[in-house]
Protein chains: 2
Amino acid sequence: MSKLPEDLPECMVFLLGKAYQKAHGNFKKQLKNYGLTNMQHLVLEGLWYDEGMTAAELCKLLIMDKATASGILERMVDTGWIIKKPDPDDGRIQKLYTSKKANQMKEKLIDERKKANKHILKKFTLEEQLLLKRLLRDLI
Amino acid sequence: MSKLPEDLPECMVFLLGKAYQKAHGNFKKQLKNYGLTNMQHLVLEGLWYDEGMTAAELCKLLIMDKATASGILERMVDTGWIIKKPDPDDGRIQKLYTSKKANQMKEKLIDERKKANKHILKKFTLEEQLLLKRLLRDLI
DNA sequence: GATTAATAGTTCGTATACAAAGGATTATTA
DNA sequence: TAATAATCCTTTGTATACGAACTATTAATC
């Protein structure tokens, strides 16, 4: 006999997936007001940390597949959030920069992620928060 | 000044998403040998728990969007993992059943998830494992 | 210096994920 | 019972996610 409601909460793939879905779902709604997605927001934060990164570098930082990145970056160029500049020294590379539009919203956007994070974690004690983050980092 | 490598590990949406990706990525490879995806595997486990569920009931159990389920179930019918039977009492409903093909692999498939789960958690002490699962459940 | 290997990106195919709208059917209610 | 609401499911459109194959370009090696 196979159980499930008892087994499901034991399955990490399930737990992680659904916890992510829940957390992502809320943040997503907030970001929709800006016309951004979570991954697009992460790209901006990545570039604010190190303006001029290549797609490959960004992929490494954000643990993102290059094929996935290709589409995300294309949409962000189309919607005016980032700019691609070819590298004169290496024809394979395009360096990535945030746009004026993005930089004007920088403070607000960074604050949105902080708020979302607090909202997700507010049900935990500070100890639990630190512990959860440590355990998740160990999984990555 | 915006940081990122210091801030990223603080962001729950990021941590949860990447931890899920990592865990899912490994399980995915194992399941590929069977021609199944994680969600399709979950559908089978759901139906083994309660054969004859409707799509709506399954969605509730697996915390899955109905639109998402629609596609998954269609593919699983096409590949012969499940069967849809119309309900004579309610024309809106189709009851879902696992196929012979699925039931023949039942033990193996259930074992695959257990193995995957162990593999994901092996780096933690038993205490940490229980704690992590509790914290994740609280997030859902 | 020509061949081979490695790297950067793109493109394609498939599978979620989900908002929104639509069609069919059943339940409710005035 | 006719009109309305609720439910079930599908379809459409957009955004990841990622394996695999492909192009272009640079690096390595013989």
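Here the structure is a predicted model, which is why all the values come from computation and not from measurement. Sequence lines set the chain letters: A, B, ... in the order given, protein chains first and strands last, and positions in each chain run from 1.
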Which residues pass the side-chain contact (heavy atoms from CB on, under 4.5 Å) test with A:T68, sequence neighbours left out?
-> A:M64, A:D65, A:I72

Enumerate the residue pairs fulfilling side-chain hydrogen bond (donor to acceptor under 3.5 Å, both in side chains) with a member in residues 27-38 of chain B, sequence neighbours excluded, ordered by first and then second residue.
-> B:Y34-B:E112, B:N38-B:R113

Under a 4.0 Å heavy-atom cut-off, which of residues 66-78 of chain A touch DNA chain C?
-> A:K66, A:A67, A:S70

Qualifying residues under side-chain contact (heavy atoms from CB on, under 4.5 Å), relative to B:A23, sequence neighbours excluded = A:V13, A:L16, B:I120

Could you go through nucleotides 5-7 of chain C and list every protein N or O atom that sits under 3.5 Å from one of its N or O atoms, giving the distance for each pair?
{"from": "C:dT7", "atom 1": "O2", "to": "A:R92", "atom 2": "NH1", "distance (Å)": "2.9"}

Sequence neighbours excluded, which residues qualify as ring-ring contact (aromatic ring centres under 6.0 Å, His included) partners of A:Y20?
-> A:H24

Residue pairs fulfilling ring-ring contact (aromatic ring centres under 6.0 Å, His included) with at least one residue in residues 90-138 of chain B, sequence neighbours excluded = none

Span of DNA chain D in contact with chain A (heavy atoms, under 4.0 Å) = D:dA15 to D:dT26

Output a table of donor-acceptor pairs, distance under 3.5 Å, between side-chain atoms of residues 76-94 of chain A and any protein atom two or more places apart or on a different chain; print 'none' if there are none.
{"from": "A:T79", "atom 1": "OG1", "to": "A:R75", "atom 2": "O", "distance (Å)": "2.7"}
{"from": "A:D87", "atom 1": "OD1", "to": "A:D89", "atom 2": "N", "distance (Å)": "2.6"}
{"from": "A:D87", "atom 1": "OD1", "to": "A:D90", "atom 2": "N", "distance (Å)": "3.4"}
{"from": "A:D90", "atom 1": "OD1", "to": "A:R92", "atom 2": "N", "distance (Å)": "3.0"}
{"from": "A:D90", "atom 1": "OD1", "to": "A:R92", "atom 2": "NE", "distance (Å)": "3.1"}
{"from": "A:D90", "atom 1": "OD2", "to": "A:R92", "atom 2": "NH2", "distance (Å)": "3.0"}

With sequence neighbours left out, write down each residue that passes side chain to side chain donor-acceptor pair (under 3.5 Å) with B:E51, or none if nothing qualifies.
-> B:T98

How would you list, by chain and number, every residue that makes a side chain to side chain donor-acceptor pair (under 3.5 Å) with A:K95, sequence neighbours excluded?
-> none

Output all residues satisfying side-chain contact (heavy atoms from CB on, under 4.5 Å) with B:I140, sequence neighbours left out; order by chain, then residue number.
-> A:L15, A:K18, A:A19, B:I63

